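So the structure is just underneath, and the comments pick up after that.
The shown structure was predicted, so the numbers you read here are calculated from the model rather than taken from an experiment.
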Amino acid sequence: MAGTADSSPAIELINVTRRFVAPDGKSMTALRDFTMTVERGEFVAVVGPTGCGKSTTLNLITGLAAPSAGEVRLFGGPVDGIDPRIGFAFQTDALFPWRSVIDNVVAGPLFRGVPKAEAYESARHWLARVNLSGHEAKYPHQLSGGMRKRVALAQTFINGPQILLMDEPFSALDVQTRVLMHDELLSLWSQSKASVVFVTHDLEEAITLADKVYVLTSGPATVKSVYPIDIPRPRVAAEIRYEQKFIDISHTIWNDLRAEVLRGASRDEARVAA
């Protein structure tokens with residue numbers, strides 16, 4: 001029996017192909033016969049070679065791009081423009097440099113029509129959640145990279161997203177700060193239970209965070225493998241990567257991913273030679 005809309009997955013990409021016209025006028029295929037399912041409350045990571053279409057996948061979910069073939073569905077319904085249930089986090093944070101920390105965090109709720117007093121009360125709560133109480137009046141240029149990312153997380157979670165799309169949000173941070181941000185994200189996600197698609201080049205990051213890791217082929221991308229990450233939660237990012245189960249999973253996925261990375265590198269070298 002078919003599932004109801006209430007029990008349908010948060011995100012479905014069903015046999016999706018995405019083509020576009022390159023600057024030289026040639027038709028290019030970014031994704032081909034791509035199928036992915038993200039259940040409600042599930043944390044999915046997507047890894048693959050550079051240029052394999054990972055970010056294109058996020059654009060299809062947001063409605064910023066339409067599939068050339070196939071179907072994209074959110075909570076059982078078709079994607080129809082920008083969906084307010086979706087939150088974003090990118091490699092470059094979206095902080096307004098002329099706004100204070102708290103004014104950055106309230107921007108979303110105010111835009112959505114939340115009363116001002118309620119929005120600021122909620123912003124103070126979320127800044128406390130990311131350990132930034134006392135920094136409300138500072139401006140982005142006065143913050144470290146890690147603090148800016150904490151503001152960005154508060155800025156995202158304050159809107160209560162049901163779906164969270166993250167495109168290498170921590171890649172610019174140093175290793176130590178990135179590990180701290182992993183724990184911060186896991187803490188926030190465990191309470192919000194948003195459905196997450198997390199794009200990364202860092203396999204250890206993917207395994208640390210995710211319930212399930214999708215490995216993509218070199219472009220045009222399709223799903224090569226899907227790996228459930230059966231490491232118990234809650235997880236402590238600084239500790240689990242030394243566990244034998246984590247190491248075994250990492251080796252298994254890397255052996256699968258490595259072939260695609262090498263294939264993508266060979267393709268890029270051939271293009272340069274041409």
Side-chain angles (χ1 to χ4, degrees), residues 43-48 50 54-55 58 87-108 123-159 161 164-194 196-211 213 229 231-243 245-247 249-250 253-254 257:
F43 198 124
V44 167
V46 180
V47 298
T50 299
K54 298 186 293 296
S55 297
L58 299 186
F88 308 89
F90 302 108
Q91 181 174 352
T92 303
D93 58 61
L95 303 184
F96 300 112
W98 60 89
R99 288 177 178 259
S100 67
V101 164
I102 196 166
D103 286 340
N104 266 286
V105 176
V106 300
R124 283 188 287 271
H125 164 75
W126 278 102
L127 287 170
R129 288 279 300 276
V130 297
N131 299 310
L132 285 177
S133 293
H135 299 278
E136 294 87 349
K138 291 183 178 178
Y139 287 84
H141 74 273
Q142 297 174 300
L143 306 177
S144 68
M147 292 171 74
R148 288 171 64 99
K149 287 298 179 184
R150 291 174 188 273
V151 176
L153 287 178
Q155 190 181 49
T156 300
F157 277 96
I158 193 174
N159 295 313
L164 181 57
L165 306 180
M166 310 190 79
D167 194 354
E168 301 191 71
F170 306 137
S171 61
L173 300 176
D174 63 78
V175 174
Q176 293 88 348
T177 304
R178 192 183 310 176
V179 170
L180 294 176
M181 293 309 303
H182 291 162
D183 287 331
E184 197 72 57
L185 174 59
L186 287 174
S187 175
L188 295 174
W189 168 76
S190 68
Q191 296 174 58
S192 74
K193 281 303 178 184
V196 180
V197 180
F198 190 101
V199 167
T200 179
H201 282 95
D202 186 333
L203 181 55
E204 287 194 356
E205 180 174 63
I207 298 169
T208 297
L209 297 172
D211 297 311
V213 174
I229 307 301
I231 298 175
R233 297 187 186 276
R235 302 174 187 169
V236 179
E239 297 176 3
I240 66 167
R241 61 192 62 209
Y242 300 107
E243 296 179 6
K245 178 177 282 191
F246 183 100
I247 295 169
I249 292 172
S250 181
I253 301 179
W254 171 241
L257 176 61

side-chain contact (heavy atoms from CB on, under 4.5 Å) partners for [X], two or more places apart:
| X | answer |
| --- | --- |
| Ser133 | Ala128, Glu136 |
| Thr92 | none |
| Ala154 | Val105, Trp126, Leu127, Val130 |
| Asp202 | Arg178, Thr200, Glu204, Glu205 |

Of all heavy-atom pairs between [X] and [Y], which one has the smallest distance, and what is that distance?
| X | Y | result |
| --- | --- | --- |
| Gly87 | Pro161 | N-CB, 3.6 Å |
| Val199 | Lys54 | CG1-CB, 3.6 Å |
| Ser100 | Ala137 | CB-O, 3.9 Å |
| His182 | Ala237 | CB-CB, 3.7 Å |
| Ile231 | Phe246 | CD1-CD1, 3.9 Å |
| Pro140 | Asn104 | CG-ND2, 3.9 Å |

If the condition is salt bridge (Lys or Arg N to Asp or Glu O under 4.0 Å), which residues does Arg148 pass it with, not counting sequence neighbours?
Asp93
Non-neighbouring partners of Asp211 that pass salt bridge (Lys or Arg N to Asp or Glu O under 4.0 Å), sequence neighbours left out:
Arg233
If I take atom [atom1] from residue [X] and atom [atom2] from residue [Y], how far apart are they, to the nearest 0.5 angstrom?
| X | Y | atom1 | atom2 | result |
| --- | --- | --- | --- | --- |
| Ile240 | Ile247 | CD1 | CD1 | 11.0 Å |
| Ile207 | Ile253 | CD1 | CD1 | 4.0 Å |
| Phe90 | Met166 | CZ | CE | 10.0 Å |
| Leu95 | Met147 | CG | CE | 11.5 Å |
| Gln91 | Phe170 | CD | CZ | 12.0 Å |
| Leu180 | Leu185 | CG | CG | 12.5 Å |

Checking [X] now: which residues fulfil side-chain hydrogen bond (donor to acceptor under 3.5 Å, both in side chains) with it, not counting sequence neighbours?
| X | answer |
| --- | --- |
| Thr177 | Asp174 |
| Asp167 | Ser55 |
| Thr208 | Arg241 |
| Gln191 | Arg129 |

Can you list every side chain to side chain donor-acceptor pair (under 3.5 Å) pair that touches residues 138-147, not counting sequence neighbours?
His135-Lys138
Which residue pairs pass the salt bridge (charged side-chain N to carboxylate O under 4.0 Å, His left out) test when at least one of the two sits in residues 184-194, sequence neighbours left out?
Arg150-Glu184
Is it the case that the side chain of Thr156 and the backbone of Ala152 share a donor-acceptor pair, with hydrogens and angles ignored and the cut-off at 3.5 Å?
yes
Taking the side chain as C-beta and beyond, is there a heavy-atom pair between Leu164 and Trp189 under 4.5 Å?
no
